[in-house]
Visitor: 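Here it is: the structure, laid out below.
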Amino acid sequence: MTKGGELTLVAGGAGFIGSHLCRALLKKGRNVLCLDNLQTARRENLLELEAYERFRFIESDITRPLPRQVLEQTGRITRIYNLACAASPDLYQADPEHTILTCVMGTNRLLHLAEDSGARFLLTSTSEVYGDPHVHPQPESYRGNVSCTGPRACYDEGKRAAETMAFDFARGGRADVRVARIFNTYGPNMRMDDGRVISNFICQALAGKPLTIYGNGEQTRSFCYVSDTVDGLLRLMESEDGDLGPVNIGNPSELTIAELIETLETVMGMRLAKVSRPLPIDDPKKRRPDIERATARLGWCPRTPLASGLAATVAWFERELRSNRTPTPERSPAVAAVGRQQAL
Ligand code: UDP
């Protein structure tokens with residue numbers, strides 16, 4: 001790491017989106033200090049990053065006091081990205097208390113660090129703040145339909161509270177704050193066993209197993225390739241427009257889960273077996289971002305069509321499976337034991 005240079009801190013930098021963000025920052029010449037508790041991150045994501053001299057990794061959980069090595073850097077830290085939190089429904093529901101504390105207490109610690117160091121702060125929030133939406137597509141002005149007592153609430157309400165805190169710091173002139181609401185993102189570096197639909201379907205297809213369709217497959221999502229999401233986060237952080245409010249970062253091309261399977265079949269050039277499973281509790285029926293704000297204010301829009309993103313993701317999972325280093329549910333029983341709560 002360059003002595004005396006400015007630092008970008010990425011909490012959750014070993015995770016799926018975080019690792020792509022760290023790489024993009026390193027490619028831009030930044031010094032990157034990555035904090036991660038490795039709870040849901042893949043250690044393998046760090047391999048490529050650790051090849052850079054300007055990258056430093058500290059194993060640390062943001063629900064706990066920040067490590068001394070971080071606090072000693074306050075004068076140098078100019079950007080703080082907070083991506084630290086389990087983000088797939090299976091994994092964030094596995095330890096709901098830790099999830100909500102990560103969102104609220106972890107964000108609070110990082111906001112204080114931003115205040116003390118004068119760093120600009122970006123919170124990665126989520127489309128889950130809209131819950132099971134009654135307004136479609138979802139603009140940032142929509143206040144959402146979230147159950148505060150259901151199994152998803154630890155994440156949804158945690159992120160809503162984190163947003164509240166971030167905007168209070170901004171209103172109080174204590175920190176320069178950006179908030180991204182990230183919609184379903186996919187791509188290389190996902191965990192094979194994180195339970196999300198794209199990683200599940202690709203890994204099931206590659207293992208010759210039937211694809212697990214939850215409910216009737218008519219629920220919709222809008223999937224954004226990870227490089228597009230990272231581009232949106234970088235633009236948001238570097239925007240000099242500090243009065244943006246929350247910004248949706250997602251791909252507005254919406255499709256049903258059944259249509260997602262059809263696209264995957266085309267990409268993989270084969271028909272895939274399917275099996276029905278119950279719909280999880282509070283599973284949103286539809287989701288599509290309104291990205292007018294990101295387009296008008298950041299000049300951002302996603303560029304990767306689903307078919308090419310899926311092809312790159314399938315190729316990556318194939319390579320990982322061959323290398324035998326990605327944890328599969330069989331190889332990580334703790335994660336495999338986690339089951340999403342399903343509606344009867
Ligand atoms: N889903 C599915 N099969 C799976 C995993 C998920 O049909 O093996 C459905 C899930 O019920 C949801 C959608 O796919 O409607 C997206 O789920 P994911 O966990 O990827 O993210 P979410 O948008 O629910 O946070």
Side-chain angles (χ1 to χ4, degrees), residues 15-17 40 85-94 96 99 103 124-133 136-138 144-147 150-159 181-187 190-207 209-226 229 248-265 272-289 306 309-310 313 317 328-329 335-336 338-344:
F16 160 47
I17 300 178
T40 60
C85 193
S88 87
D90 280 0
L91 297 184
Y92 70 62
Q93 290 172 32
T99 298
C103 294
T124 55
S125 183
T126 169
S127 57
E128 294 271 337
V129 300
Y130 302 120
D132 190 9
H136 193 72
Q138 294 82 56
N145 174 38
V146 173
S147 157
R152 299 176 87 103
C154 57
Y155 185 69
D156 303 8
E157 296 289 4
K159 289 289 188 182
R181 292 181 176 161
I182 299 179
F183 284 63
N184 297 65
T185 298
Y186 70 100
M190 296 182 89
R191 290 181 73 101
M192 190 164 283
D193 54 3
D194 84 351
R196 276 185 273 208
V197 67
I198 289 192
S199 47
N200 269 9
F201 282 178
I202 292 177
C203 295
Q204 288 161 348
L206 292 175
K209 293 183 179 161
L211 274 47
T212 48
I213 302 179
Y214 299 166
N216 61 11
E218 289 306 306
Q219 68 272 37
T220 71
R221 293 292 186 275
S222 309
F223 296 100
C224 192
Y225 191 63
V226 64
T229 300
N248 287 340
I249 299 291
N251 190 322
S253 22
E254 176 188 10
L255 74 175
T256 65
I257 297 306
E259 288 165 339
L260 170 67
I261 294 178
E262 285 167 23
T263 312
L264 189 61
E265 288 181 325
L272 300 166
K274 294 120 197 152
V275 62
S276 288
R277 293 277 180 264
L279 192 68
I281 296 170
D282 291 340
D283 199 87
K285 285 180 268 312
K286 53 193 171 183
R287 183 182 289 159
R288 169 152 64 106
L306 182 62
L310 282 178
T313 310
F317 270 118
T328 62
V335 174
V338 172
R340 195 179 308 204
Q341 297 197 44
Q342 294 183 316
L344 294 173

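Predicted, not measured: the structure shown is a model, and the values here were computed from it. Just so it is clear, the values below take in all heavy atoms, side chains as well, and ignore hydrogens, waters and symmetry mates. Just so you know, residue 1 is the first one in the sequence shown, and it goes up from there. Order of listing sets the numbers, starting from 1, for every ligand and every atom in it.
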Visitor: Asp283 to ligand 1: N or O pair under 3.5 Å?
Guide: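 There is such a contact, yes.
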Visitor: Using heavy atoms and a threshold below 4.0 Å, how should the contact between Arg152 and ligand 1 be classified: side chain, backbone, both, or neither?
Guide: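 Answer for Arg152: side chain.
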Visitor: Using 0.5 Å steps for rounding, measure from the OH atom of Tyr214 to the CG atom of Asp283.
Guide: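 Rounded to the nearest 0.5 Å, the OH-CG separation comes to 9.5 Å.
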Visitor: Measure from the side-chain N and O atoms of Asn248 to the backbone N and O of Gln138, and report whether any donor-acceptor pair falls under 3.5 Å.
Guide: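 Here the side-chain-to-backbone pair exists.
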Visitor: Output the list of atoms in ligand 1 that are nearer than 4.0 Å to some heavy atom of Asn184, sorted by atom number.
Guide: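 Here the atoms of ligand 1 in question are 21 (O), 22 (P), 23 (O).
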Visitor: Closer than 3.5 angstrom, by distance alone: can the side chain of Thr256 be matched with the main-chain N or O of Thr220 as a donor-acceptor pair?
Guide: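 Here the side-chain-to-backbone pair does not exist.
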Visitor: Under 4.0 Å from any heavy atom of Glu128, which atoms of ligand 1 are there?
Guide: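 Selected atoms, number and element: 25 (O).
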Visitor: May I ask whether Pro89 places a heavy atom under 4.0 Å from ligand 1?
Guide: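 Yes; Pro89 lies near enough to ligand 1 that a heavy-atom distance drops under 4.0 Å.
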Visitor: Can you check whether Asn216's main-chain N or O pairs, donor with acceptor, with Ser276's side chain at less than 3.5 Å?
Guide: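 Answer holds: no.
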Visitor: Donor-acceptor check, side chain of Arg191 to backbone of Thr40, threshold 3.5 angstrom: yes or no?
Guide: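 Such a contact is found between Arg191 side chain and Thr40 backbone.
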Visitor: Which of the atoms of ligand 1 are close to Ile257, meaning less than 4.0 Å from one of its heavy atoms?
Guide: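 Going through ligand 1 atom by atom, the ones under 4.0 Å from Ile257 are 7 (O), 13 (C), 14 (O).
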Visitor: Under 4.0 Å, heavy-atom basis, I'd like to know which part of Ser127 is in contact with ligand 1: side chain, backbone, both or neither.
Guide: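 Neither; no heavy atom under 4.0 Å.
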Visitor: With respect to atom 3 (N) of ligand 1, which of Thr212, Thr126, Val197 exhibits the smallest heavy-atom separation?
Guide: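 Shortest heavy-atom distance from atom 3 (N) of ligand 1: Thr212.
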Visitor: Answer side chain, backbone, both or neither: which part of Arg287 comes under 4.0 Å from ligand 1, heavy atoms only.
Guide: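 Within the 4.0 Å criterion, Arg287 contacts ligand 1 through side-chain atoms alone.
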Visitor: Taking only heavy atoms of Arg196, which atoms of ligand 1 are found under 4.0 Å from at least one of them?
Guide: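 Ligand 1 atoms under the 4.0 Å threshold to Arg196: 19 (O), 20 (O).
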Visitor: With no hydrogens and no angle check, is any side-chain donor or acceptor of Gln204 less than 3.5 Å from a backbone partner on Lys209?
Guide: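 A pair under 3.5 Å: no.
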Visitor: Go through the side-chain N and O atoms of Asp90 and Ser88 and say whether any donor and acceptor fall under 3.5 Å apart.
Guide: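 No, because no side-chain N or O of Asp90 sits under 3.5 Å from a partner of the opposite role on Ser88.
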Visitor: For Lys274, look at atom NZ and say whether over 12 heavy atoms of other residues, nucleotides or ligands are found less than 6.0 Å away.
Guide: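 Atom NZ in Lys274 is crowded, with more than 12 foreign heavy atoms closer than 6.0 Å.
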Visitor: Within the 4.0 Å heavy-atom shell around Pro280, which atoms of ligand 1 are there?
Guide: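 By the 4.0 Å cutoff, the relevant atoms are 11 (O).
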Visitor: Would a 4.5 Å heavy-atom cut-off, applied to side chains only, mark Thr185 and Phe16 as touching?
Guide: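 The answer is yes, as the side chains (C-beta and beyond) meet within the 4.5 Å cut-off.
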Visitor: Does at least one non-hydrogen atom of Gly195 fall below 4.0 angstrom from an atom of ligand 1?
Guide: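 A heavy atom of Gly195 does come that close to ligand 1.
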Visitor: Could you tell me which atoms of ligand 1, counted from 1 in the order shown, lie closer than 4.0 angstrom to a heavy atom of Ile213?
Guide: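 Those atoms are 7 (O).
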Visitor: With a cut-off of 4.0 Å, which atoms of ligand 1 are near a heavy atom of Asn200?
Guide: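 That gives atoms 4 (C), 5 (C), 8 (O) of ligand 1.
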